[in-house]
Amino acid sequence: MARRRQIYEGKAKILYEGPEPGTIIQYFKDDATAFNAEKKGQIAGKGVLNNRISEKIFTSLHTIGVPTHFIRRLNMREQLVRQVEIVPIEVVVRNVAAGSMTKRLGIEEGTQLPRTVIEYYYKDDKLGDPMVTEEHIACFGWASQEEMNDIADMAIRVNDYMCGLFAGIGIRLVDFKLEFGRIWENDYSRIILADEISPDSCRLWDIASNRKLDKDRFRQDLGEIAEAYQEVARRLGLLQPEGEESAVLDFDSAKKKREAKD
Ligand code: UDP
């Protein structure tokens, strides 16, 4: 097979040219970074889990009519997606105060917000992804007003859907980050949901215990990071129940067992 052309390597994913024009392969790495890449590490099996978790969420969103870049999962770590022109804005949706909001505004972590808050950050690692307003986005032409309306509407729909999805499996959706892209059809473009949705990009707390089941375990050195990601995957029905052999992660050990038997 011909070697694939790498288009981009990010902190947690590598993008390769897809098999057809207008497609891209997203490869999910185990690498983890935090604090604008000042802290680096690896979470064993994270790429496999995020690939599955993101697939599950994107396909569910598709069924409620949110347009996304997801086409299909190819294997344990890769998915085929539509190539988009990424809007250089990170869209953060918050239901509960945590992370940068608690620091910036002095609000206690865990405070339920009286209404959902949407924030925008300009995607620029050198600048540390500064928070911006819709005024900046319009002023510098990062997205049109019409595109921002679509983005805000989709962000709210995604939030409503995901709050329900996670509440149903005993998880509180505290906040999350979305990225959007433009696709062109003839002379017209439209906005679709891109990137990934996973415990790397969401804050997910167990409702009963408040235990963090997301990347904050890595950011705050809480330990049992891979286990937390596995727990999210398991509750989403992507892994076998605890105690039974996991089809995804125990791939190698299952193979070894088979070989031992033979
Ligand atoms: N987030 C993300 N990528 C970023 C920044 C934030 O996925 O580059 C997610 C983060 O995981 C959290 C939400 O967006 O779920 C809000 O993050 P916050 O602004 O609190 O920043 P942080 O505390 O993560 O630096």
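Ligands are counted one by one from 1 in listed order, and the atoms in each one are counted from 1 as well. Worth saying up front: this structure is predicted, and the values here are computed from it rather than measured.
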(Q) Please report the interatomic distance CG(Leu15) to CD(Gln26), rounded to the nearest 0.5 Å. (A) 6.0 Å
Q.
Using a 4.0 Å cut-off to any heavy atom of Ser100, which atoms of ligand 1 qualify?
A. 18 (P), 19 (O), 20 (O), 21 (O), 23 (O)
Q: Mind telling me whether Phe58 and Phe70 have parallel, tilted or perpendicular rings, with 30° and 60° as the class edges?
A: tilted
Q) What atoms of ligand 1 come closer than 4.0 angstrom to any heavy atom of Gly99? A) 20 (O), 23 (O)
Q) Which protein heavy atom lies closest to atom 17 (O) of ligand 1, and at what distance to 0.1 Å? A) Arg203 NH1, 3.5 Å
(Q) If the cut-off is 4.0 Å to any non-hydrogen atom of Tyr121, which atoms of ligand 1 fall inside it? (A) 19 (O)
**Q.** Val174 near ligand 1 by a heavy-atom separation under 4.0 Å
**A.** no
(Q) Looking at Glu231 and Arg211, is there a salt bridge between them, counting it only when a charged N and a carboxylate O are closer than 4.0 Å? (A) no
Q) Which ligand 1 atoms are under 4.0 Å away from a heavy-atom of Val92? A) 14 (O), 16 (C)
**Q.** side-chain contact (heavy atoms from CB on, under 4.5 Å) partner of Leu80, chosen from Arg72, Arg73, His69
**A.** Arg72
(Q) Using a 4.0 Å cutoff against the non-hydrogen atoms of Cys202, which atoms of ligand 1 qualify? (A) 15 (O)
Q: Show which atoms of ligand 1 fall inside a sub-4.0 Å distance from at least one heavy-atom site of Arg94.
A: 16 (C), 18 (P), 19 (O), 20 (O)
Q) For Glu185, does the CD atom sit with more than 12 other heavy atoms under 6.0 Å from it, leaving out its own atoms? A) yes
Q. Could you state the interatomic distance from CG (Leu178) to CG (Asn159), rounded to the nearest 0.5 Å?
A. 8.5 Å
Q: Could you tell me whether atom 6 (C) of ligand 1 has a protein heavy atom closer than 4.0 Å?
A: no
Q. Below 4.0 angstrom, N of the basic side chain to O of the carboxylate: do Arg203 and Asp214 qualify?
A. no
Q.
Only heavy atoms of Asp200, strictly under 4.0 Å: list the atoms of ligand 1 that pass.
A. 7 (O), 11 (O)
**Q.** Protein contact to atom 4 (C) of ligand 1 [nearest heavy atom, distance to 0.1 Å]
**A.** Glu90 OE1, 3.4 Å
(Q) Starting from atom 11 (O) of ligand 1, what is the nearest protein heavy atom, named by residue and atom, and what distance separates them? (A) Arg219 NH2, 2.9 Å
Q) Do Gln145 and Asn149 meet the criterion of a side-chain donor-acceptor pair at a distance under 3.5 Å? A) yes
Q: Report yes if Lys103 has an N/O atom closer than 3.5 Å to an N/O atom of ligand 1; otherwise report no.
A: no
Q. Can an N or O of Asp175 be found at a distance shorter than 3.5 Å from an N or O of ligand 1?
A. yes
Q. What protein heavy atom sits nearest atom 1 (N) of ligand 1, and how far away is it?
A. Lys177 CB, 3.7 Å
Q: State plainly whether the residues Arg182 and Asp150 are in salt-bridge range, i.e. N to O under 4.0 Å.
A: no
